[in-house]
Structure formats: C-alpha cells, structure tokens
Protein chains: 2
Amino acid sequence: MPPTIPHLSALDTGCPHMRLLVEHVTSKWGLLVLLQLDGRTLRWSELKRAIPGVSEKMLIQTLQTLEADGLVLRAARPVVPPHVEYSLTDAGHDAAALLAPLALWAQDRVREG
Amino acid sequence: MPPTIPHLSALDTGCPHMRLLVEHVTSKWGLLVLLQLDGRTLRWSELKRAIPGVSEKMLIQTLQTLEADGLVLRAARPVVPPHVEYSLTDAGHDAAALLAPLALWAQDRVREG
DNA sequence: CCGCATCCTATCGGATACTG
DNA sequence: CAGTATCCGATAGGATGCGG
C-alpha cells in the first residue's frame with residue numbers, strides 16, 4: 001500500500017504548533033462547534049442548545065480558543081440583553097471541510113463494528 | 001459560505017463511539033503513529049526512534065488502542081530476541097489518508113501566523 | 001528487543017454559583 | 001443573554017524500574 005503523502009517529506013510530524021492546532025480542532029467540543037457552525041451563524045444560546053451536554057465553561061473556553069486560532073468569528077452587538085453571534089472564518093470553514101469526512105468515516109466504522 | 005456536508009443530516013455529531021475513535025486517531029501519539037506507518041512497516045524500536053519524545057508506555061498504549069480499533073496490525077515473530085512489526089490495516093490507511101491533509105493544513109497555517 | 005507495573009503530576013472537563 | 005469564578009474528580013501522559 002502506497003503512502004498517502006510523498007512520505008513525510010513535506011510534513012514535520014513532530015511540530016508542536018501543528019499538534020496544538022490539531023488538538024484544538026479535534027478536541028471533544030472543538031470538533032462539535034466547528035461542525036455545528038459549518039455553513040451557518042449561531043447565537044451563543046443556540047449553539048449551546050445545538051450541542052447537548054456541553055457546559056457553559058467548556059463552550060466559552062472552546063469558542064475563545066478557536067477564535068484565538070482565527071477559526072471562529074465572534075460578533076457582539078452592544079444591546080441589552082447582549083446579542084452575540086458566532087460563525088466560521090474562511091480558515092474555520094477549511095477546518096470543518098477536513099473534519100467532516102473524518103467524523104463521517106469514524107461514524108461509518110463504529111456502525112459496522 | 002455553504003456547509004461542507006448536507007447539514008448534519010448524515011452525521012450524529014454527538015455519538016460517543018464516533019468521538020472515541022476520532023480521539024484515538026487524533027491523539028498526541030496516535031496521529032504520529034498513523035502517519036509514520038503510512039505506506040510502510042516498522043519494527044517497534046524503529047517506530048520509537050521515528051517518533052522522538054514518545055515514552056515506551058505511551059507508544060505501547062497507543063499501538064494497543066489502535067490495534068483494538070482495527071487500524072494497526074501487529075505481527076510478532078516468536079524468535080529471541082523478539083521481533084515485532086507494525087503496519088496499517090486498510091482501515092488504518094483510510095484514517096491516515098484523512099489525517100495527512102489535516103496535519104498539512106495545520107502545519108501550513110502555523111507557518112504563516 | 002519488547003513490553004508490563006507503578007507512581008506522580010498536569011491538565012481536561014463537569015458542577016455550581018454569581019454578574020452586567 | 002452571555003458570560004466569569006471557583007472547586008473538584010477523572011484521566012492523560014511522563015519517569016522509572018523490572019522481566020522474558
């Protein structure tokens with residue numbers, strides 16, 4: 001079986017920065033947030049409802065991490081009560097596009113076995 | 001921006017089994033093992049040398065997890081001293097094929113920012 | 001050469017309560 | 001509504017030493 005990429009020539013598999021970013025987007029809630037925001041904009045409360053089981057702490061923390069990574073866009077309107085919308089940046093959409101097939105593959109595999 | 005997949009219709013984003021498998025293949029050492037074994041067979045000691053910084057405990061543990069998931073194949077020849085070879089199953093190769101682009105994307109992103 | 005067992009610590013992540 | 005603050009248990013993962 002041939003390798004998927006021209007073997008490791010283009011990839012520094014040990015790079016810690018790359019690892020960190022991968023950890024962020026594949027983390028328990030990071031993955032769900034990116035998939036939920038793929039192709040649409042959601043308010044904080046909508047996002048929370050769309051991801052059953054997530055705690056407020058983890059949702060905020062995950063969103064802040066992904067925002068710092070430049071994957072998630074936070075748009076706050078200064079009204080009362082507060083109105084905050086989350087969406088994906090172009091880079092975030094790229095990430096979602098890479099993660100969706102991975103999630104689908106994993107789901108298909110566990111359905112059989 | 002249109003969604004990457006026909007929105008969440010085919011994907012149960014909350015499925016714990018799917019999550020677990022994703023965690024395994026994207027884990028700190030799981031990712032590196034799959035990429036290193038992509039397209040070639042390595043002995044345990046070779047694999048350890050190919051992944052700088054990995055402890056024996058984590059390497060074994062990771063390999064056993066991936067083997068239990070049906071992604072890694074362990075072939076032990078009953079000689080002394082022991083000779084054990086690791087390679088990818090077809091499913092493991094599929095996983096590597098999905099992970100390599102993700103790793104490359106992450107690497108390209110951290111190089112800029 | 002390959003792997004198991006034990007200890008130890010840092011971090012992840014859940015529960016709860018409080019604020020502008 | 002959209003967070004912040006604090007506590008606390010579980011686990012990931014590193015260090016070390018032993019065994020066939």
Side-chain angles (χ1 to χ4, degrees), chain A residues 13-34 36-37 40-69 72-87, chain B residues 13-34 36-37 40-69 72-87:
Chain A
T13 51
C15 171
H17 304 293
M18 178 270 278
R19 276 293 321 147
L20 211 57
L21 185 53
V22 171
E23 276 173 29
H24 291 172
V25 302
T26 62
S27 72
K28 183 171 182 180
W29 304 114
L31 178 70
L32 299 183
V33 165
L34 288 169
Q36 287 291 341
L37 288 181
R40 59 179 176 171
T41 293
L42 291 180
R43 297 185 59 172
W44 188 83
S45 51
E46 293 173 327
L47 199 46
K48 180 165 166 52
R49 242 174 298 122
I51 305 180
V54 69
S55 67
E56 300 186 350
K57 174 191 170 183
M58 290 315 298
L59 182 55
I60 291 294
Q61 192 178 100
T62 301
L63 285 168
Q64 288 173 346
T65 300
L66 294 179
E67 189 190 1
D69 287 334
V72 159
L73 203 66
R74 179 183 182 276
R77 290 223 303 276
V79 296
V80 42
H83 185 101
V84 182
E85 288 185 341
Y86 290 95
S87 57
Chain B
T13 51
C15 170
H17 304 293
M18 178 270 277
R19 274 297 316 149
L20 211 56
L21 185 53
V22 170
E23 275 173 29
H24 290 173
V25 302
T26 62
S27 71
K28 183 171 182 182
W29 305 114
L31 179 71
L32 300 184
V33 164
L34 287 169
Q36 286 293 339
L37 289 181
R40 59 177 176 172
T41 293
L42 290 180
R43 296 186 59 172
W44 188 81
S45 51
E46 292 172 329
L47 198 47
K48 180 165 166 51
R49 242 174 298 123
I51 304 180
V54 69
S55 67
E56 299 187 350
K57 175 190 169 183
M58 290 315 298
L59 182 54
I60 292 292
Q61 191 178 102
T62 301
L63 285 168
Q64 289 174 347
T65 299
L66 294 179
E67 190 189 0
D69 288 334
V72 159
L73 204 66
R74 181 182 181 275
R77 290 223 303 274
V79 295
V80 41
H83 186 102
V84 182
E85 288 185 342
Y86 289 95
S87 57

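So that the names make sense, note that chain A is the first sequence line, chain B the second, and so on, each numbered from 1. What you see below is based on every heavy atom in this structure, not just the backbone, and it leaves out hydrogens, waters and symmetry mates.
The side-chain contact (heavy atoms from CB on, under 4.5 Å) search around E56(B) returns W44(B), K48(B), not counting sequence neighbours. Not a single side-chain hydrogen bond (donor to acceptor under 3.5 Å, both in side chains) links R49(A) to another residue, sequence neighbours left out. Looking at residues two or more places apart in sequence or on another chain, you find a side-chain contact (heavy atoms from CB on, under 4.5 Å) between L32(A) and W29(A), I51(A), T13(B). Under the side-chain contact (heavy atoms from CB on, under 4.5 Å) criterion, A75(B) pairs with no residue at all, not counting sequence neighbours. Residues forming a side-chain contact (heavy atoms from CB on, under 4.5 Å) with R43(B) (at least two apart in sequence, or on another chain): S45(B), E46(B), H83(B), E85(B).
Evaluation of the side chain to side chain donor-acceptor pair (under 3.5 Å) test over residues 16-25 of chain A, restricted to residues two or more places apart or in two chains, returns R19(A)-E23(A), H24(A)-D69(A).
With rounding to the nearest 0.5 Å, the separation of CG in L63(B) from CG in L73(B) is 11.5 Å. The CG atom of L66(B) sits 6.5 Å away from the OG atom of S27(B) when rounded to the nearest 0.5 Å. Atom OH of Y86(B) and atom OG1 of T41(B) lie 12.5 Å apart (nearest 0.5 Å). Put simply, CG on L20(A) and OG1 on T65(A) are 9.0 Å apart, with the number rounded to the nearest 0.5 Å.
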Protein and nucleotides 14-16 of chain D: nitrogen or oxygen contacts under 3.5 angstrom:
from: dG14(D); atom 1: OP1; to: K28(B); atom 2: NZ; distance (Å): 2.6
from: dG14(D); atom 1: OP2; to: W29(B); atom 2: NE1; distance (Å): 3.1
from: dG14(D); atom 1: O6; to: K57(B); atom 2: NZ; distance (Å): 2.1

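Q64(B) comes within 4.0 angstrom of the backbone, heavy atoms only, and of no base. No contact: E85(A) has no heavy atom under 4.0 Å from any strand.
In terms of heavy atoms, A76(B) sits closest to V84(B) at CB-CG2, 4.0 Å. M58(A) and T62(A) get closest at one heavy-atom pair: O-OG1, 2.6 Å.
Here the side chains of L59(A) and V33(A) are in contact, with some heavy-atom distance below 4.5 Å. Looking only at side-chain heavy atoms (C-beta outward), L47(B) and Q36(B) come within less than 4.5 Å of each other. Counting heavy atoms from C-beta outward, L31(B) and T26(A) have side chains that stay 4.5 Å or more apart.
For the segment residues 72-81 of chain A, residues with any heavy atom less than 4.0 angstrom from an atom of DNA chain D are, sorted by number, R74(A), P81(A). Within residues 18-25 of chain B, no residue places a heavy atom under 4.0 Å from DNA chain D.
Protein atom CG of L42(A) is 14 Å distant from nucleotide atom P of dC1(D), rounded to whole Å. Between I60(A) atom CD1 and dT6(D) atom P there is a gap of 17 Å when expressed in whole angstrom units.
Using a 4.0 Å cutoff to heavy atoms of chain B, the contacted part of DNA chain C runs 5' to 3' from dC1(C) to dC7(C).
Between dC1(D) and R43(A), no contact under 4.0 Å exists linking OP1 or OP2 to a side-chain N or O.
Rounded to 10 degrees, the angle separating the terminal helix axes of the helix from dC1(C)-dG20(D) to dG20(C)-dC1(D), each built from five base pairs, is 50°.
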